[in-house]
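Before any comments, here is the structure.
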Protein chains: 4
Amino acid sequence: MIKAGIIGASGYTGGELLRLLVSHPDVRLELATSRSLAGKPVASTHRHLEGFLDLKYENPGLEEIRERCDVVFVAVPHGTAMNYVPELLDGNTKVIDLSADYRLDIPVFEKIYGIKHSDPRNAVYGLVELHPEAAKEDFVANPGCFPTGATLAAAPLAAAGLIDIAVFDSKTGISGAGISPTETSHYPNLAENIVPYKLTAHRHRAEVVQELTRLDGKLRNINFTPHVIPSIRGIFTTAHLFTKETLSTEDIRGIYEEFYRDKPFVRLPGGVPSLTAVRGSNFCDIGFEADKENNRVVVLSAIDNLVKGASGQAIQNMNLMFGLGETRGLWLPAAAP
Amino acid sequence: MIKAGIIGASGYTGGELLRLLVSHPDVRLELATSRSLAGKPVASTHRHLEGFLDLKYENPGLEEIRERCDVVFVAVPHGTAMNYVPELLDGNTKVIDLSADYRLDIPVFEKIYGIKHSDPRNAVYGLVELHPEAAKEDFVANPGCFPTGATLAAAPLAAAGLIDIAVFDSKTGISGAGISPTETSHYPNLAENIVPYKLTAHRHRAEVVQELTRLDGKLRNINFTPHVIPSIRGIFTTAHLFTKETLSTEDIRGIYEEFYRDKPFVRLPGGVPSLTAVRGSNFCDIGFEADKENNRVVVLSAIDNLVKGASGQAIQNMNLMFGLGETRGLWLPAAAP
Amino acid sequence: MIKAGIIGASGYTGGELLRLLVSHPDVRLELATSRSLAGKPVASTHRHLEGFLDLKYENPGLEEIRERCDVVFVAVPHGTAMNYVPELLDGNTKVIDLSADYRLDIPVFEKIYGIKHSDPRNAVYGLVELHPEAAKEDFVANPGCFPTGATLAAAPLAAAGLIDIAVFDSKTGISGAGISPTETSHYPNLAENIVPYKLTAHRHRAEVVQELTRLDGKLRNINFTPHVIPSIRGIFTTAHLFTKETLSTEDIRGIYEEFYRDKPFVRLPGGVPSLTAVRGSNFCDIGFEADKENNRVVVLSAIDNLVKGASGQAIQNMNLMFGLGETRGLWLPAAAP
Amino acid sequence: MIKAGIIGASGYTGGELLRLLVSHPDVRLELATSRSLAGKPVASTHRHLEGFLDLKYENPGLEEIRERCDVVFVAVPHGTAMNYVPELLDGNTKVIDLSADYRLDIPVFEKIYGIKHSDPRNAVYGLVELHPEAAKEDFVANPGCFPTGATLAAAPLAAAGLIDIAVFDSKTGISGAGISPTETSHYPNLAENIVPYKLTAHRHRAEVVQELTRLDGKLRNINFTPHVIPSIRGIFTTAHLFTKETLSTEDIRGIYEEFYRDKPFVRLPGGVPSLTAVRGSNFCDIGFEADKENNRVVVLSAIDNLVKGASGQAIQNMNLMFGLGETRGLWLPAAAP
């Protein structure tokens, strides 16, 4: 059994790691940390887990964490993870960082986040459909939620060198903003509404740029505008992709089927994907339609932001890093409707 | 492996049976019937199940169903199941009926539903927390969704002979009304609203009356009023129970803990239960508070109407009927938030 | 023109007073106070009012407020209003207090709110359907939101001395909890959920008790349990009223039509009322159904908590206090759907 | 008093015309037609209007309608209005058609809608911010809901000849789909979800193309993709406009303020507009931000689809056609939150 620890287990990402790991056949939950809640039962805050674990929140030192765990998931705010990762890796423990700290090249990170990086280490970007080499690593940077949906939507066309301009108009559920109440998460502000933010300069854009330009070094015009919709979970991305050639919907289907062959968590079900069909699951469902008049392709992707957009993808990485099947403990359908 | 069939698999109840059974370690899905969809892939309508099953809807005869299946779940409208059950049981196949046809004594059924019953057979009422004898049966009537939440909320006090008047004010998600659009399920009618219906005479009241009077033959004053709330899943029951004696909250806790000892799917987490903490799971979470001034006890129960209120409970019955552990394949936490 | 001021104008109640008063034909908005926002345009926080007023938030002394205003609406937290009211009334200014400070007899207030009252003044309870004498007053205590819906639902039967036990199971939109984000108003906690609170001892119960026992001095068994539903506005009250006599639905209709004759804001439309049909308006819609088996009557009332439950009712009081028609400036239909 | 009639009054558009006209100081509602509901009180289906009108649905002949009404609002499905309009206009009655029948040049209409047009008449496109000449007409074609939001968002930049590529990613509440339940309006399908449709070829695109190319004859690359969000009312449009020059946010503000000077229903409040701030009102709120890196401007517009997107705009047209102030009877703030 893999002994797993979670640093920063009291938030939504931590809760989702716990939910998935309590049912994972090869994992034993060893520890869950929280500074403010140390000593309290984990199920006293993640009440849906009542009966599934006896863990109490702890706040041990990094050395102890490293010694007790085969794998550690770091689920702390960006700018903080870099204070944990080096020492955690100073042994045989594998680490998956769910923060933004190791996703970008350091100069890009420092510019985008306005933080001096303290750890020169490189990490594989754990979007495993694009980075199967993550399987060989001891340390992986788990992708951001928006970049997962956007990048998977556009990657096949980018890899084919076909994209001229990419506009990602993304719609996310509010759980991505975290467990603490905010103005945006205040029900009267979000219900019956839609709230765009960071219209032109959301930090997650840098990850999309990084990944798509790795696939097509000439692609420059990449745009990303996020919105919060009245939904708890889910990211729905509408990618308006202007292409260099006129494509048919059938052309696109061929390209996507080829690109995502043997990728169990990417589904191309036909028609328009739905947040309902992925809710609670690790899937990314993708649909598309060609607009020949303007050489535009509309590609749609749906993920659960807490699963494929965060904790599920982290476990997908863990599975590969430990030589398990990619779908181990993750092969769960959405609870639709 | 238990070969399982579902009659009437295209609705929400059928979909939820499928969702849970595809992950059940001892079950192989053998067939899913639908008259109108015969020949189409099941995943073409239950799109969240894409990749989990290759089944197509079929419409075989009852004899074939009986021969191919070790267990059959009947998920058809009330008044219809009685046309399937007798022939299905004419062999070694076990049957779990999710309709109302066999839940009530026949005269009560005929009065409440206004339908002549064609099958004199008795069935155990499969609320297994109250009817462990279901484990010995080949045929079980799976309880209604509202009665599951209401009966579990009041049973311990009823069994103690303490209830004078019971008022069940229930709030349900709309999925209980089915997969077909209706006036009530029309988003502009339900969002930002609450819709009571059948204020004094909902058919499910008869099940609550049947079960509570089994526990306390003197209890007469039982009232039930349901409402639809803007939620997809979940039944939240507020039971206003006027008691013959003045009870404290601690008294009640003692009674409930004793009554539900060793019942894995009833949780008494303390505080107010939440639909979020049971969504997608088979739990019934119960909370309570005494109002000594008026000898009232407020008991709250939360279930997922499609799981503990229907398909999960049916699988709980199946587990027992086949000698499996009660929680087999069902020990899944809610996907909160 | 009546010069009107609002003390505490930055919250939802203040915003709703502003929304209604900008269209009132006999009112000129003179001032809107906010300590923290003084100097900022009112429309910078109540953005829907952009273009309707040029007011800036102010923070003047009470003497200045009294001199500038013919009427002052006090929309501050309970325990605070009593610090404003005496000095505001020390002249010719009329005052309508939307807090709880003057709704209850002082000993009851002090017990329920745990606050020593500093002002021995009595006030009329401004539920004008029951208290037409409010028209002759210079000072009125505007009722709470829950008590408005609950009291109007039960008053006709209480006045007839027919109620034995009253159970009010109320469901409110979250705007009643105010403009500041809280755990309960956090979208992931409220959406797809229902959150009961203060199961047996909500402070608003005391107002219902006060008003119903004024109508029927023998009525004792009055119970109130509130829930928050996923809705911005609205209070829906399900009153389970056990009666001393067996009544028919027609009996009840007769009693309610007689009681609410010439009360323009109480409608008895037939059937089940709906939050949708009152949203944004000052109406209280009431429906009912008799349950002869248990001598129970189910009475349903729907109001907009911010209008009839707060600011609209305050303006209804103002209209009467200034000799205007009761419906002046308030005769607006809901914006359904 | 203007005697007004509504043909097709039982739907959401008809209901909203009624809601606004019952409070209009210069209008008397003369008739409301419905074939299927003739004889029933209008308030029996539009229950929020109980107490506001005594009208019953009628089904009179066109000649009678013309004789009884000074203005007729035609709120029937596209392809149907053309059967009413010619005869209605055969006198002194003014007509405002809310269907699509007269919005487009006839060849375009016939191509897009696949219907042979039976009436060669031209109509002014009643987006009065762009077509003040509507004031001189007896017949106006009221714009579609999506085109209103999209066109107003882009018109100032189009008029300045600055747009190279326009991508309108629109999000609508479900009330735009009408009063009858559908798969999309089924609560479990829409709540916690977002549903795009007609990804590249929605009929409303033709109106946007028509209006923007009138402003800039060289603009060709116009794209429109609509989504339904879990909201009853509102259309939020995210316009990704690639410009020929690099603009700053200040540049854009200058252009929009100049263009919409003296347009009372277009507000430029600063920051991000919100559906909440326009709900129930006739405003179009617009915000914007420049993305200099890619010469993209993100323009956001928020309207209430049933008011500025339909019935409110129709009354705005009526006001001008009868020489009334543009805001007459329409100067109502949103009921936020």
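All values derive from a computational prediction rather than experimental measurement. Note on naming: letters A, B, ... go to the chains in the order of the sequence lines (proteins, then strands), and numbering restarts at 1 for each one.
- Nearest heavy-atom pair, C:Lys171 versus B:Lys171, reported as atom, atom and distance to 0.1 Å: CE-CE, 3.3 Å.
- Residues of residues 212-229 of chain C placed with any heavy atom under 4.5 Å of a heavy atom in chain B are listed by number as C:Arg220, C:Asn221, C:Ile222, C:Asn223, C:Phe224, C:Thr225, C:His227, C:Ile229.
- When heavy atoms are compared at a cutoff of 4.5 Å, B:Ala191 approaches chain C solely by way of its backbone atoms N, CA, C and O.
- Proximity to chain B at a heavy-atom threshold of 4.5 Å picks out C:His240, C:Phe242 from residues 240-255 of chain C, in numerical order.
- Interface check for chain C: of the options B:Pro196, B:Gly234, B:Pro337, the most heavy-atom pairs under 4.5 Å are formed by B:Pro196.
- Residues of residues 289-300 of chain C that come within less than 4.5 angstrom of chain B, heavy atom to heavy atom, are C:Glu289, C:Ala290, C:Asp291, C:Glu293, C:Asn294, C:Arg296, C:Val298, C:Leu300 in numerical order.
- The most heavy-atom pairs under 4.5 Å with chain C, out of B:Leu275, B:Thr276, B:Asn193, come from B:Asn193.
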Tell me which donor-acceptor pairs under 3.5 Å the side chains of residues 155-167 of chain B have, and how far apart each pair is, sequence neighbours excluded?
none

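- Ranked by heavy-atom pairs under 4.5 Å with chain B, the list C:Thr238, C:Asn189, C:Val272, C:Val195 is led by C:Thr238.
- For C:Arg233, the part sitting under 4.5 Å from any heavy atom of chain B is the backbone (N, CA, C, O) and nothing else.
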